[in-house]
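Throughout, a chain's letter reflects where its sequence line sits, starting with A, and its residues are numbered from 1.
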Amino acid sequence: MQRKNGSRSEELNFISSFLSSSESFHSFIRRNPIGGTYNESNITIIYGNITRLISDLELTRYSLLPNIKPIIIYHLDHLKSDLKKLIELKHSLHAGAVCSEKAKADILIITKDKPYYISFKDITKEAKLGQFSSHLQLGQVKLEGGLKKFIEIPAAKIIHTNSNLTFEQFNKLNSGNKKWAVYKSLYDKDFQRLVDQMMENAYAQLYTFCHELTKDIDLLLEFLTRTLVGNSESVLDDFYLVMGDSFIHVKSVLNKIKKLNPEICTQEFISRNSKKSMLLSIRIKDKKYWITKIEPSFDGSRKNVSQTKGIIYYFQEFSDNVNQSYKSLLIDVSENKFG
DNA sequence: CTGACTTGCCTGCTGGTCGC
DNA sequence: GCGACCAGCAGGCAAGTCAG
């Protein structure tokens, strides 16, 4: 099977592969790009505004489809949230299964027996696993980001000429960001000291976080679950990933990983540009996979940047010439590569 | 040197939440 | 019930780096 690299519309390829004719579906969505309901004999497809996906779409069919008999397929990404709530009600799904910020499924397939929540991961390119700036708690382990420090600046000083921003930039900001924009400019030494302190603290937290994760496979697997499936425990039983030709039931693969009794490692990594981060890896037998690279960043540390967000932890996919990323881990384990 | 690719950072947006 | 606020996401962009 050949599929176009860099296509952002794998979901549409996947959906159309269940139909007897991709062409008529293709022409339907081209005629109705801002949303619609497509019916073919006994399959209904419901989608939202997919204009951006259609421009360079070339539908190619999956030859290896999982054994599913869809009745309704929802392309969730661009559906309005009130419609998603209705979907949850109509099919008696758990609250928040498709309509919550933690919901990660790209499409939902309703069959006679059960729902399939499906998320697509492009194996041809690396992507972020996620990012967050508030509070991540796994068991007793936590990472704390953001910018909670309180600063006081007289209201009269909070004007655009006291910042290093343009008038337009400044006026788009909320009051908190305006205050920081002025603070960065008027008290730059103090601000720089604060940034340095917070970064140091972030690295210290991250170091502990990663070392704690190496001691407890359950924590690591919970991290993967949250990242891939979202917070909703309720969908885990029915959650699948499509990666290339693999159709992966996340829960069973994670269980298999646990049974393989992997060794978890962490190490510091310094990028070519000297940016420090932490790597997490898993070793099963003699094969090692990088789970993720975690790097803290103080977003908005420069004076001429409008939004001052503070510490954000970025979870990046990572691989190198020797070892591959979490995607290969999931694929290999699902194919029983380790027995 | 130059064009292509990588990496880190920034912005705009969205949708949830919270307090009134 | 509503506005203000904020976390999180995706995508873009530019500086840095590499290969030829």
Does the side chain to side chain donor-acceptor pair (under 3.5 Å) test come out yes or no for A/R61 and A/S22, once each step is laid out? CA-CA 8 Å; A/R61 291 170 78 84; A/S22 295; 2.7 Å; yes
Mapping A/I312 and A/G176 onto DNA chain C by nearest heavy atom, which one lands closer to the 5' end? A/G176
What is the distance, rounded to the nearest whole Å, between atom CG of A/D106 and atom P of C/dA10? 9 Å
For a quick test of your reading: what N or O donor-acceptor pairs under 3.5 Å do the side chains of residues 282-291 of chain A make, sequence neighbours left out?
unit_1	atom_1	unit_2	atom_2	d
A/K285	NZ	A/F338	O	2.9
A/Y289	OH	A/D332	OD2	2.6
A/W290	NE1	A/D320	OD2	3.1

Do A/K256 and A/N336 meet the criterion of a side-chain donor-acceptor pair at a distance under 3.5 Å? yes
If an axis is fit to five pairs at each end of the helix from B/dC1-C/dG20 to B/dC20-C/dG1, what is the angle between the two, to the nearest 10°? 10°
Cut-off 3.5 Å, no hydrogens considered: what does the side-chain donor-acceptor table look like for residues 180-188 of chain A, sequence neighbours left out?
unit_1	atom_1	unit_2	atom_2	d
A/K184	NZ	A/G300	O	2.9
A/K184	NZ	A/R302	O	2.9
A/K184	NZ	A/V305	O	2.9
A/K184	NZ	A/T308	OG1	3.1
A/S185	OG	A/N162	O	3.2
A/S185	OG	A/N164	OD1	2.6
A/Y187	OH	A/K157	NZ	3.4
A/D188	OD2	A/K303	NZ	3.4

Under the rule for side-chain hydrogen bond (donor to acceptor under 3.5 Å, both in side chains), what residues qualify as partners of A/Q192, not counting sequence neighbours? A/D196
Determine the interplanar angle of the A/F315 and A/F223 rings, folded into 0 to 90°, and report it as parallel if under 30°, tilted if 30 to 60°, perpendicular if over 60°. tilted
Students often get this wrong, so: under 4.0 angstrom with heavy atoms, is A/G300 touching a base, only sugar-phosphate, or nothing? sugar-phosphate
Please tell me if A/K293 has a side-chain N or O lying less than 4.0 Å from either OP1 or OP2 of B/dG8. yes
Over how many whole Å does the gap from A/I311 atom CD1 to C/dA7 atom C1' extend? 15 Å
When the distance from OH of A/Y314 to C1' of B/dT7 is rounded to whole Å, what number comes out? 12 Å
Length of the OH-P vector between A/Y313 and C/dG8, whole Å: 12 Å
Measure the acute angle between the ring planes of A/F25 and A/Y38, then classify it against the limits of 30° and 60° as parallel, tilted or perpendicular. perpendicular
In this structure, how many angstroms lie between the C1' atom of C/dC5 and the NZ atom of A/K179, rounded? 13 Å
Spacing of A/K178 atom NZ relative to C/dA4 atom C1', expressed in whole Å: 13 Å
Trace of the salt bridge (Lys or Arg N to Asp or Glu O under 4.0 Å) decision for A/K258 with A/D218: CA-CA 8 Å; A/K258 186 174 179 183; A/D218 288 325; 2.9 Å; yes
Please give, in whole Å, the distance from B/dC9 C1' to A/M199 CE? 11 Å
Start at the 5' end of DNA chain B and walk down; is the nucleotide closest to A/F269 or to A/Q131 reached first? A/F269
Provide, to the nearest angstrom, the distance between the CZ atom belonging to A/F315 and the P atom belonging to B/dG8. 15 Å
Partners of A/K90 by side-chain contact (heavy atoms from CB on, under 4.5 Å), sequence neighbours excluded? A/I72, A/Y74
What does A/Q316 touch in the nucleic acid at a heavy-atom separation under 4.0 angstrom: a base, only the sugar-phosphate, or nothing? nothing
Tabulate atom names and distances for all N/O pairs under 3.5 angstrom spanning the protein and nucleotides 12-14 of chain B.
unit_1	atom_1	unit_2	atom_2	d
B/dG12	OP1	A/K172	NZ	3.1
B/dG12	N7	A/Q307	NE2	3.3
B/dG12	O6	A/K309	NZ	3.0

